[in-house]
Peer 1: 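Got a structure for you, questions after.
Note that this is a predicted model, so its numbers are computed, not measured. Numbers for residues simply follow the sequence, beginning at 1.
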Amino acid sequence: MKLQTLFQVTAVASALALAGCGGDIEITPTVNDNSVVNNGSGGDSGGDTTNDNLCATNNGVQGAFDGRDCEYNLEFASRNVEITEDITFAELPDGGVHVFDGALLIGEDCDTTTSCTINQDGPVMTVEPGATLAFTSGEAIIRVARGAKLNAIGTFDKPITFTSANAFTRFDVVGNGPRFADWGGIIVNGEGITNQCTDAQRDAGTCNVASEGIVSYYGGNDNADDSGSMKYAKIWYAGSGPRAGGDGDDLNSLTLNAVGSGSSYEYIHIHQGYDDGIEFFGGAADIKRIVVTDTQDDSIDIDAGWQGNAQFLYIKHGTVNVDGTDVFMGNGGFEADGEKNSGAEYSQAPTSRPNIANVTVVTTDGLSTRDNDPSTAMKFDDNFQGQLYNFLLVKTDVATNDTRCILFTGDGELGVTAGDLNFFNSAMACVAENEFTSADLFADGTSRQDWFDNGGLNERIGGNATVFGSDGFATDMSSADITVTANDLSGLGNSFFEAVDYVGAVSSTDTSSEWYQWVETALTAAEQD
């Protein structure tokens, strides 16, 4: 890889570099870089340190440093190389990027029905604030094995970026720029509880669920499992599918396979993924302050008995330009599934039953370019149960495809009829409302309208209601249309949840907070992409 002294910076690359800094994003179309690279520790260090290799090392193999970027070939990391020692990726000076041709497999994958055992003291992959990791192919993933950890903890001023190599013109051989499915995304395998395994398998230590997309194994009996944490990070242009298993055998931007409550994910922006933004398969990991924009399938996909908590989630479906044509992105804001299996054999693994608060979902009337499915705020299936607080669901147009805000599929109504799926203190600002204006009843005789209204705790205010402030995204605290009172969440008795006085993910009166600025920067970057 040759260092280019004259290169162009696309709007996307600029947004990647600046996201998280707050305030306005400035796009600089072209940069003439004729400077001499000097990676010394300071102005008085003396000497030319251009040849100092700042790249990470794995088992004696070090990345190739060209004075700016680090490139890692298939000898360093690939689907045939598992990293078994701690490894750290530092921020590189002068906008340098760690570039990978293959997969980063952290820790040794293990099917415990064979002769292997899970290494409980597996390696830790650490990504330092400001570091950028870029990937060149759909086979290039980050996979974290059971017993290993991924700790990617950035700062508000120096977020971590996981992205496509095509976001940087010096790596973009074809010249089409970055796009969904450019790389495979992040898979974290934990030892938490999933109803994809029987009680007997958990008790015997033989719970080994094959992950979607690229097979590795997860599952166990520890919902307090710690597989590492992420904070102040961006995951862009990831995911792929369908793969060998056909539809559903996909790679997501971030897959949390039975990851336990010892892990947490906060201040993350996921953008333009091919499949889901975040998908849970059981476990109990918590998420907070998450933005998902323009992901083709579901922004948050819950399945197999997830028992975690979530607060402050901003989801927006929109369009992206593909080969000169604007196409729609987004199926479900949420696809909420309860269980893969049920019955006496799975008694230790209940259906998904999270507490989720302060969510904004902005949908379109478009059909996703991925599968021609509609943009829906919430999809419920497979006996999903959950308590949902302070939601704001928005759809302003149904002129073309008559799309819905809330959709029940399969046995998604079971949670309603059992009294275990409820909205509280939420507003549905959806034009026409579709099934909620019909006379359709649940099996217990309750109408859809009455179920959502929940005795007056929630309100349906239509698609022409004023719900956002002048910024176009934060809940308008002076809106005459939103009359529902927010739940302050103190009654949950759960220290995870922060007290609030608004519905939706972010308040129009909170413009100085990091969270407001994180959302603003993420949405601005998505609009410019």
Side-chain angles (χ1 to χ4, degrees), residues 254 265-270 276-280 285-293 295 298-302 306 308-318 330-336 352-364 375-380 384-395 404-407 415 421-430 452 454 457-461 465 467-469 473-477 479 482 484-489 492 494 496-508 510 513 515-516 518-520 522-523:
L254 176 60
Y265 301 86
E266 185 175 4
Y267 282 103
I268 296 175
H269 178 206
I270 294 172
D276 302 323
I278 300 177
E279 183 160 14
F280 297 92
D286 294 333
I287 60 174
K288 183 178 280 188
R289 297 187 174 91
I290 308 294
V291 182
V292 184
T293 52
T295 285
D298 306 308
S299 299
I300 306 292
D301 194 335
I302 299 165
W306 179 52
N309 303 296
Q311 188 178 18
F312 306 123
L313 312 181
Y314 202 105
I315 295 165
K316 186 174 183 181
H317 296 167
N331 290 164
F334 285 76
E335 180 172 343
S352 301
R353 191 185 174 90
N355 292 313
I356 305 176
N358 292 99
V359 174
T360 298
V361 184
V362 181
T363 62
T364 70
S375 169
T376 303
M378 310 288 296
K379 293 189 288 187
F380 297 116
F384 176 82
Q385 301 171 12
Q387 307 304 297
L388 313 177
Y389 301 86
N390 301 333
F391 273 59
L392 176 59
L393 310 180
V394 180
K395 185 185 291 289
R404 306 180 180 194
C405 253
I406 296 180
L407 176 66
L421 173 58
N422 299 286
F423 282 95
F424 300 93
N425 311 89
S426 297
M428 184 192 299
C430 298
F452 182 83
N454 199 4
L457 288 176
N458 308 309
E459 61 184 356
R460 293 169 287 110
I461 56 179
V467 297
F468 295 134
F473 67 88
T475 301
D476 184 355
M477 297 298 287
S479 171
I482 300 177
V484 66
T485 301
N487 190 308
D488 68 6
L489 307 176
L492 275 62
N494 187 332
F496 171 84
F497 291 98
E498 299 176 23
V500 293
D501 61 356
Y502 56 91
V503 301
V506 61
S507 166
S508 63
D510 192 30
S513 73
W515 170 231
Y516 179 98
W518 184 263
V519 176
E520 180 182 44
L523 296 178

Peer 1: If you define the side chain from C-beta out and look only at heavy atoms, does anything of I461 sit under 4.5 Å from V467?
Peer 2: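 In short, these two side chains touch, coming nearer than 4.5 Å.
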
Peer 1: Look only at the side chain of S479 and the backbone of D476, and say whether a donor-acceptor pair between them is shorter than 3.5 Å.
Peer 2: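 Checking the backbone N and O of D476 against the side chain of S479, no donor-acceptor pair under 3.5 Å is found.
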
Peer 1: CH2 of W518 to OG of S513: how many Å apart, nearest 0.5 Å?
Peer 2: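 Answer for the CH2-OG pair, W518 versus S513, is 13.0 Å.
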
Peer 1: Measure the spacing between CD of E459 and OG1 of T485 and express it to the nearest 0.5 Å.
Peer 2: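 With rounding to 0.5 Å, CD (E459) is 9.0 Å from OG1 (T485).
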
Peer 1: Just verifying a value: how many Å separate K288 NZ and W515 CH2, rounded to the nearest 0.5 Å?
Peer 2: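 With rounding to 0.5 Å, NZ (K288) is 11.0 Å from CH2 (W515).
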
Peer 1: Between A377 and L393, which heavy-atom pair has the shortest distance, and what is it?
Peer 2: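 Scanning both residues completely, I find the closest heavy atoms to be CB-CD2, 4.1 Å.
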
Peer 1: Is there side-chain contact between Y314 and T293, with at least one heavy-atom pair below 4.5 Å?
Peer 2: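 Not touching, per the 4.5 Å side-chain cut-off.
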
Peer 1: So do the side chains of L489 and N390 get within less than 4.5 Å of each other, counting heavy atoms only?
Peer 2: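 They are in contact (side-chain heavy atoms under 4.5 Å apart), so the answer is yes.
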
Peer 1: Taking the inter-plane angle between the rings of F391 and F423 on a 0 to 90° scale, is it parallel (under 30°), tilted (30 to 60°) or perpendicular (over 60°)?
Peer 2: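 Judged by the thresholds at 30° and 60°, the geometry between F391 and F423 is perpendicular.
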
Peer 1: For Q387 and N355, test the side chains for any donor-to-acceptor distance below 3.5 angstrom and give the result as yes or no.
Peer 2: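 No, N355 and Q387 have no side-chain donor paired with an acceptor closer than 3.5 Å.
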
Peer 1: Taking 4.0 angstrom as the limit, do R289 and E266 come out as a salt bridge?
Peer 2: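 The answer is yes: the pair qualifies as a salt bridge.
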
Peer 1: Using side-chain heavy atoms (C-beta onward) and a distance below 4.5 Å, is F384 in contact with M378?
Peer 2: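 A side-chain contact is absent here, since even the closest heavy-atom pair is not under 4.5 Å.
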
Peer 1: Indicate yes or no for a side-chain donor-acceptor contact from D276 to the backbone of I300 under 3.5 Å, with no hydrogens or angles considered.
Peer 2: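 Pair absent, no side-chain N/O of D276 close to backbone of I300.
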
Peer 1: Keeping the roles fixed (side chain from S426, backbone from Y389), state whether a donor-acceptor pair exists under 3.5 Å.
Peer 2: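 Such a contact is absent between S426 side chain and Y389 backbone.
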
Peer 1: Heavy-atom distance under 4.5 Å between the side chains of F473 and K316, does that happen here?
Peer 2: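 In short, these two side chains do not touch, never coming nearer than 4.5 Å.
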
Peer 1: Flag the pair I278 / I268 as yes when at least one side-chain heavy-atom distance between them is below 4.5 Å, and no otherwise.
Peer 2: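 With C-beta onward as the side chain, the pair stays apart.
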
Peer 1: Looking at every non-hydrogen atom in both residues, tell me the closest pair between K395 and C405 and how far apart they are.
Peer 2: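 Closest pair (atom of K395, atom of C405, distance): CB-SG, 3.9 Å.
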
Peer 1: Are V361 and L313 side-chain neighbours, meaning at least one heavy-atom pair lies under 4.5 Å?
Peer 2: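 No, every pair of side-chain atoms sits at 4.5 Å or beyond.
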
Peer 1: Quick check against the 3.5 Å criterion: does D286 have a side-chain atom that pairs as donor or acceptor with the backbone of N309?
Peer 2: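 Judged by distance alone, yes, a pair lies under 3.5 Å.
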
Peer 1: Working to the nearest 0.5 Å, report the span between CZ of F312 and OG1 of T360.
Peer 2: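 The CZ atom of F312 sits 11.0 Å away from the OG1 atom of T360.
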
Peer 1: Please check: side-chain N/O of S299 versus main-chain N/O of G277, any donor-acceptor pairing under 3.5 Å?
Peer 2: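 Pair absent, no side-chain N/O of S299 close to backbone of G277.
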
Peer 1: Looking only at non-hydrogen atoms, find the nearest pair between F452 and R460 and report the distance.
Peer 2: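 In terms of heavy atoms, the two residues are closest at CD2-CG, 3.7 Å.
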
Peer 1: Looking only at heavy atoms, which two atoms of S375 and T363 are closest? And how far apart?
Peer 2: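 Of all heavy-atom pairs spanning S375 and T363, the closest is OG-CB, 3.2 Å.
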
Peer 1: Which heavy-atom pair separates Y502 from M477 by the least distance, and what is that distance?
Peer 2: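 Heavy atoms of Y502 and M477 come nearest at CB-SD, 3.5 Å.
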
Peer 1: For the OG1 atom of T475 and the CZ atom of F468, what is their distance to the nearest 0.5 Å?
Peer 2: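 Nearest 0.5 Å value for the OG1-CZ distance: 6.5 Å.
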
Peer 1: So how far is it from D488 CG to D501 CG, rounded to the nearest 0.5 Å?
Peer 2: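 Taking CG in D488 and CG in D501, the distance rounds to 9.5 Å.
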
Peer 1: Within the side chain of D298, is there an N or O that forms a donor-acceptor pair under 3.5 Å with the backbone of G332?
Peer 2: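 Judged by distance alone, yes, a pair lies under 3.5 Å.
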
Peer 1: So, do I406 and F334 sit near enough that their side-chain heavy atoms are less than 4.5 Å apart?
Peer 2: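 No, every pair of side-chain atoms sits at 4.5 Å or beyond.
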
Peer 1: What's the verdict on side chain to side chain contact (heavy atoms under 4.5 Å, CB included) for N358 and E498, showing C-alpha distance, side-chain angles and the deciding distance?
Peer 2: CA-CA 10 Å; N358 292 99; E498 299 176 23; over 6 Å; no

Peer 1: How close do P354 and W306 get, counting heavy atoms only, and between which atoms?
Peer 2: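 So the two residues come closest at CB-CZ3, 3.5 Å.
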
Peer 1: Would the distance check show the side chain of N458 and the main-chain N or O of A427 forming a donor-acceptor pair, the cut-off being under 3.5 Å?
Peer 2: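 No, N458 side chain to A427 backbone: no donor-acceptor pair under 3.5 Å.
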
